[in-house]
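We name chains A, B, ... by the order of the sequence lines, and we start the count at 1 in each one.
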Amino acid sequence: MSDVKKKRGREGMSRRSFIQSTGAIGAATLLGGFPTILRAASPTVLRITGWGGLWETVVNTQVYPPFEKEFNCKIEIDQAFPFVPKLLSSSKTKPIYDVFHCNSNEQWIALDAGFVEEKVDPKKVPNINDVYSYAVSDKIVGVSVLTSAIGLGYRTDKVPAAPTSWKDLWDKKYANVRATYIIGTNSLGSCLFMMAGKVFGKGLQDTDAAFKAMEELKPIKQVDFSGTMEKLLLSGEVQIGVIHDSAIWRHPTAPVSWAAPKEGVLALEQVYSVTKGSDKKDLAYAFINYMLSPKIQKIMVEELWYSPSNKKVTLAPEYEKRLFATDEKVKQLIQVDWKWFNANQDPLTIRYNKVFQAR
Amino acid sequence: MKRIGWDHILFRAINLLLIGFLLLPIGIVLLFAFNSAAFIVFPPEGFSLRWFKAFFIHPEFMRAFWLSLRLAATTVIISTVTGTMAAMAIVRGRIPGAKFISALFLSPLMLPAIITGLALFQFYVILDVGRTYTGLLIGHIIVTIPYVIRTTTALLYNFDGSVEEAARNLGAGELATFWYITLPLIRPGVIAGSVFAFIVSFDQFPVSLFLVQPGINTLPIQLFNYLKYSFDPTVAAAATVSIALSVTVVLLLERTIGLQEYVKL
């Protein structure tokens, strides 16, 4: 056997044959796959963001199909949070979403990055003329289609009297059985932080008073998102916690309830904006107008316990009693300045984490 | 009769504690999955299969489950074939920059997977190809291929080349030598790598988070989205099904090819 053959024998296969085999399989994979990629874009698809769980079930069965039929389009929903990094990674002139739906804090990030339109034109979205003023206030990018109210959720079997003030969360008897959120990743936690500035200091931006109050709030459990808080309250692991009303009213048979503190509740808005670079803006405006229509608002209220933005929605007494759907009640909603909070988020988060870090 | 010493008992006790610590979370998931209460609560209120029913009739969960299964199966096939070939090329190919290529293939193990996911997402955006099944598949292959390469190269480096040489001396061609001699000898590494690839792909979260097509989620992403908004034991039932599937894969491999042989790796 020649030296070359011996060498090949030791190697099992020659380098050339390996390169050929690898190349063939690689080419087959790519050629088989890329036509699928290239077929991805479709002009009749309205690309939006949205939540999973019950929200997904309701919109997919009752809300989106009639719109798709009426406007001969397909709504494509991205539910894989976080949405902001994905939007900001795409091109401003060709964004990956047409309608950007998320909470208010993230809308401000998208606006500051130049990806979404600041306001929605009432001429293109006529139902905006019927919304409460908070839904299009200067604290809102786009329009708030629905809202929840952030207050105090509590166990009715363990908390003898409903809380009346945010200060009740600071009651020492709730040490270790109360809960809030990590700030920076969760806007409800940031809301409590700012509310502490208002309740114990000069206002929502009184950070020194807020940090002092946070120190006094220890020991407290901290969670990452509101679904976890919901679970902690439902399981009885915590007795009182910061949560939005809709997360509690969804469980009518569970021993939990929700209270609006006298100092006011914080609005947790479901905000919709149109991306600047969308090539389907008319369809995007039509979609927002549809979401603001009394008929759709009523479905979202009755299925998910959100407060409607549209004043013309007529609610059954059980919803009217609990939700924020009258001129008088919406006055209790406090909207925070997310532009200010986002600008200061990093130092605030670092200091906040130092307050709660283990010692 | 051999006397069992205290050190032996202590060793066993520590092992049992460690195993218990590792299995306890799974036990809790099972407990919640079979709990009849409308939400996750401890202690359980009764036995029920309602959450399994809820999982199996939930169209989005089912679609996500089958997508994850299909994706993991396709990933395993492609990662195993290309990973094995790459390992052979790296160890045997005498190609220039073999160490660099090896490091390149293994780099997804060094990077946080979420960075890999975001980078791929941005790459697809630059290419303007959108998020597709193929794009997601490529992401899964990238993060699973290092496992196949690692386990296969481990065997190739300790390979007795004279066996192949003997086959070639007896007249076997390159492909016959590979198929009848090389592959059976490196099979433990290939199988171990493919098992890892399946599990990593089926449970993959950070890469999928950026690459799933809108509205078409893999099971881990679907569970995450569900948990953000709803919190009932359906997720525990889904997790139980996932665990059962992983255990079934391992048991099937054990019964068909004898997994214990590969545990030595």
Side-chain angles (χ1 to χ4, degrees), chain A residues 1 5-6 8-15 17-19 21-22 25-26 29-30 32-34 36-41 47-49 51-57 60 75-82 85-86 89-91 94 96-97 225-228 230-231 234-237 250-251 253-254, chain B residues 38-42 58-60 78 81-82 85-86 88-89 92-95 118 121-122 124-135 137-138 141 161-162 164-169 174-175 177-178 181-182 208-215 217 221-222 224-231:
Chain A
M1 188 186 251
K5 279 193 173 179
K6 270 185 183 175
R8 281 194 175 179
R10 272 196 300 276
E11 289 170 6
M13 287 180 83
S14 71
R15 188 172 81 194
S17 60
F18 261 113
I19 291 169
S21 312
T22 313
I25 288 193
T29 306
L30 293 177
F34 268 103
T36 318
I37 292 176
L38 295 171
R39 283 198 301 270
R47 300 157 307 164
I48 67 169
T49 51
W51 310 124
L54 191 56
W55 175 287
E56 177 186 20
T57 305
N60 281 346
I75 295 176
E76 188 183 82
I77 320 152
D78 187 353
Q79 293 152 335
F81 192 81
K86 287 192 253 186
S89 296
S90 64
S91 160
K94 210 172 177 184
I96 58 165
Y97 309 126
F225 55 88
S226 56
T228 313
E230 206 174 318
K231 177 240 164 195
L234 290 169
S235 64
E237 205 173 320
R250 284 201 292 263
H251 304 283
T253 57
Chain B
F39 39 86
I40 292 174
V41 62
F42 192 85
H58 197 296
E60 274 82 21
I78 298 174
V81 172
T82 50
M85 291 197 301
M88 293 282 289
R92 303 289 200 68
R94 297 192 180 179
I95 47 177
L118 182 61
F121 172 79
Q122 287 175 322
Y124 293 156
V125 166
I126 291 165
L127 290 181
D128 195 20
V129 293
R131 285 172 287 168
T132 63
Y133 176 77
T134 310
L137 178 64
I138 290 170
I141 291 166
S162 61
E164 284 177 334
E165 212 169 303
R168 297 302 305 276
N169 280 338
E174 282 182 359
L175 274 176
T177 305
F178 175 76
I181 306 296
T182 316
S208 302
L209 188 64
F210 286 97
L211 302 182
V212 287
Q213 293 167 271
N217 297 313
I221 302 297
Q222 186 68 33
F224 178 69
N225 294 340
Y226 190 84
L227 272 177
K228 276 207 324 288
Y229 201 88
S230 303
F231 215 100

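Once rounded to the nearest 0.5 Å, the distance linking NE2 of B:His58 with OG1 of A:Thr57 reads 4.0 Å. Expressed to the nearest 0.5 Å, how far CD of B:Gln222 lies from CD of A:Glu56 amounts to 5.0 Å.
The choice from A:Gln79, A:Lys94, A:Arg47 that makes the most heavy-atom pairs within less than 4.5 Å of chain B is A:Gln79. Of all the listed residues (A:Gly53, A:Gly52, A:Gly236), the one sharing the greatest number of non-hydrogen pairs under 4.5 Å with chain B is A:Gly53. When B:Ile221, B:Leu118, B:Leu227 are compared by the number of non-hydrogen pairs under 4.5 Å with chain A, B:Leu227 comes out ahead.
Between A:Pro82 and B:Leu209, the shortest heavy-atom distance links the atoms CD-CD2, 3.8 Å. Residues A:Pro85 and B:Phe210 approach most closely at CB-CE2, 4.4 Å, considering heavy atoms. Scanning all heavy atoms of the two residues, the minimum distance from B:Val125 to A:Ser90 falls at CG1-CA, 3.6 Å. Looking at every heavy atom in both residues, B:Arg131 comes nearest to A:Tyr97 through NH2-CE2, 4.0 Å.
In this structure, no portion of A:Thr49 lies under 4.5 Å from any heavy atom of chain B. For A:Trp55, the parts lying near chain B are the backbone and the side chain together; criterion is any non-hydrogen pair under 4.5 Å. Both the backbone and the side chain of A:Phe81 come within contact range of chain B, each with at least one heavy atom under 4.5 Å from a heavy atom of that chain. Within the 4.5 angstrom heavy-atom criterion, only backbone atoms of A:Ser91 (N, CA, C, O) approach chain B.
Partners of A:Ala254 under the side-chain contact (heavy atoms from CB on, under 4.5 Å) rule, at least two apart in sequence or in another chain, are A:Leu234, A:His251, A:Val256, B:Phe39. Legend: residues meeting side-chain contact (heavy atoms from CB on, under 4.5 Å) with A:Leu54, ordered by chain and number and at least two apart, are A:Val58, A:Arg250, A:Leu304, B:Tyr229, B:Ser230.
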